[in-house]
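Each remark here refers to the structure printed beneath this line.
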Amino acid sequence: MGWWVPPKSLTWYWQLQGTVNNSEPVAAYDIDGFDNSSGEVSTLHGQGKHVICYIDVGTAENWRSDYASFPAAVKGTDLEPPFNTEQWLDIRQLSVLEPIMTARFQMCKEKGFDAVEPDNMDGYENNTGFPLTPANQLTYDEWVAAEVHSLGMAVLQKNDGEQTAQLESHFDGALDEQCNQYRECANFTSYLNAGKPVLNAEYNLPTSSFCSADQAAGIMGARYNLLLNGKTFEPCW
């Protein structure tokens with residue numbers, strides 16, 4: 001492989017808003033791909049950390065510098081608050097979306113990131129304004145994985161546990177939100193069986209109610225706040 005292979009027991013820190021707190025003693029940082037510079041990535045590399053590039057592949061965020069690249073025809077319904085400045089994308093329109101996403105992944109590569117976290121890759125489960133099917137989602141997600149790999153970076157499955165069986169062979173690990181709260185952690189077992197990391201973020205549960213389960217399963221769990229602004233980080237390890 002020409003990319004980083006994340007270990008199963010990957011300690012990790014996730015911050016998507018605010019000035020990144022570089023001082024957490026973990027092996028990997030997951031930070032925003034647009035908002036952070038190559039200098040920030042270099043700083044983290046200098047500490048021996050791998051760095052994951054957060055990129056939204058399933059919605060158009062109206063504050064991004066490339067927002068005008070999305071034609072109206074691919075933008076559907078708004079997400080629910082507090083994320084209602086984003087619109088779901090029509091992922092069936094690959095000829096429109098692929099160049100935009102490739103440019104984003106190339107940005108991650110040019111800044112020196114080691115991996116990509118592609119967010120909102122579960123539109124078919126939501127009210128997007130488009131009749132998306134599970135097969136549409138698989139086609140798009142598998143393209144995302146192949147494109148990131150072609151650029152020499154690892155890629156994580158984000159949520160969409162219902163399609164893990166089809167996706168696991170294409171991805172290098174998984175990042176799930178609230179799998180204990182919603183009792184979905186078992187959906188990611190095939191990653192653990194393959195020796196790949198499963199990263200779990202809980203927002204509402206105290207660590208006392210999920211860390212023991214995550215540790216028993218081999219899941220790398222931590223509690224964060226929903227805004228992912230660095231205010232809450234309570235890891236299970």
Side-chain angles (χ1 to χ4, degrees), residues 1-17 20-22 24-58 61 64 98 100-122 140-161 163-164 167-177 179 188 190-192 194-201 218-222 224 228 230 233 235 237:
M1 291 183 191
W3 57 83
W4 171 50
V5 179
K8 182 178 178 181
S9 297
L10 181 68
T11 58
W12 64 295
Y13 174 74
W14 198 15
Q15 184 178 342
L16 302 183
Q17 297 191 59
V20 175
N21 167 17
N22 291 329
E24 295 296 345
V26 297
Y29 264 56
D30 187 341
I31 60 177
D32 190 89
F34 281 91
D35 293 347
N36 290 284
S37 67
S38 58
E40 173 63 29
V41 176
S42 181
T43 294
L44 292 168
H45 281 164
Q47 298 174 0
K49 296 165 180 170
H50 285 87
V51 195
I52 303 165
C53 187
Y54 172 91
I55 293 291
D56 198 326
V57 300
E61 306 153 298
R64 298 298 191 189
E98 286 180 3
I100 299 171
M101 297 305 163
T102 294
R104 290 180 167 193
F105 302 151
Q106 288 173 334
M107 173 185 69
C108 296
K109 178 68 173 177
E110 289 163 6
K111 289 181 177 181
F113 283 93
D114 304 291
V116 171
E117 177 213 332
D119 196 16
N120 289 312
M121 43 182 283
D122 54 1
Y140 186 55
D141 294 353
E142 290 168 11
W143 174 81
V144 166
E147 189 70 5
V148 173
H149 281 156
S150 77
L151 293 168
M153 295 177 290
V155 61
L156 301 176
Q157 176 182 325
K158 175 70 176 291
N159 295 323
D160 194 18
Q163 294 190 314
T164 294
L167 293 174
E168 181 270 319
S169 64
H170 298 270
F171 289 81
D172 302 291
L175 197 169
D176 177 78
E177 295 168 295
C179 75
F188 298 93
S190 61
Y191 278 103
L192 300 170
K196 299 176 181 180
V198 174
L199 313 178
N200 170 49
I219 292 171
M220 301 302 288
Y224 295 91
L228 295 170
F233 177 53
W237 55 85

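Being a predicted model, the structure only gives us computed values, none of them experimental.
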Is the shortest heavy-atom distance from the side chain of [X] to the side chain of [Y] under 4.5 Å?
X: Trp237; Y: Val26; answer: yes
X: Asp172; Y: Trp3; answer: yes
X: Phe233; Y: Asn21; answer: no
X: Phe34; Y: Arg104; answer: yes
X: Phe105; Y: Val155; answer: no
X: Glu40; Y: Val51; answer: no
X: Cys108; Y: Ile55; answer: yes
X: Asn200; Y: Phe188; answer: no

Hey, does the side chain of [X] reach the backbone of [Y] with a donor-acceptor pair shorter than 3.5 angstrom?
X: Lys111; Y: Val41; result: no
X: Trp14; Y: Ala222; result: no
X: Ser42; Y: Ser38; result: no
X: Tyr29; Y: Glu24; result: yes
X: Lys196; Y: Glu168; result: yes

Query raised in the report: With under 30° as parallel and over 60° as perpendicular, where do the rings of Tyr140 and Trp143 fit, or are they tilted in between?
Result: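 Judged by the thresholds at 30° and 60°, the geometry between Tyr140 and Trp143 is parallel.
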Query raised in the report: Is the His50 ring parallel, tilted or perpendicular to the Trp4 ring (thresholds 30°, 60°)?
Result: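 The rings of His50 and Trp4 lie parallel, inter-plane angle below 30°.
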Mind listing the closest non-hydrogen atom pair of [X] and [Y] along with its distance?
X: Cys53; Y: Gly33; result: SG-CA, 3.4 Å
X: Ala28; Y: Ile52; result: CB-CD1, 4.3 Å
X: Leu192; Y: Gly218; result: CD2-O, 3.5 Å
X: Pro197; Y: Leu10; result: CB-CB, 4.2 Å
X: Trp12; Y: Tyr224; result: O-OH, 3.2 Å
X: Met220; Y: Lys8; result: CG-O, 3.8 Å

Query - Working for side-chain contact (heavy atoms from CB on, under 4.5 Å), residues Ile31 and Leu44 - result: CA-CA 11 Å; Ile31 60 177; Leu44 292 168; 4.1 Å; yes
Quick one: pull up [atom1] in [X] and [atom2] in [Y] and give me the separation to the nearest 0.5 Å.
X: Tyr54; Y: Gln17; atom1: OH; atom2: CD; answer: 9.5 Å
X: Asp30; Y: Leu228; atom1: CG; atom2: CG; answer: 8.5 Å
X: Asp114; Y: Lys49; atom1: CG; atom2: NZ; answer: 13.0 Å
X: Ser169; Y: Glu142; atom1: OG; atom2: CD; answer: 7.0 Å
X: Leu199; Y: Tyr191; atom1: CG; atom2: OH; answer: 11.0 Å
X: Leu151; Y: Glu110; atom1: CG; atom2: CD; answer: 9.0 Å

Query raised in the report: After noting the C-alpha distance and the side-chain angles of Gln157 and His170, does the key distance pass the side-chain contact (heavy atoms from CB on, under 4.5 Å) rule?
Result: CA-CA 9 Å; Gln157 176 182 325; His170 298 270; over 6 Å; no
Requested in this report: Please assess Met101 against Val144 for the test side-chain contact (heavy atoms from CB on, under 4.5 Å), listing each intermediate value before the final yes or no.
Outcome: CA-CA 8 Å; Met101 297 305 163; Val144 166; 5.8 Å; no
Requested in this report: Evaluate side-chain contact (heavy atoms from CB on, under 4.5 Å) for Arg64 paired with Asp35, printing each intermediate quantity in order.
Outcome: CA-CA 9 Å; Arg64 298 298 191 189; Asp35 293 347; 3.7 Å; yes
Query raised in the report: Do you know which of Asn159, Asp141, Asp56 makes side chain to side chain contact (heavy atoms under 4.5 Å, CB included) with Met121?
Result: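 Exactly one candidate clears the test, Asp141.
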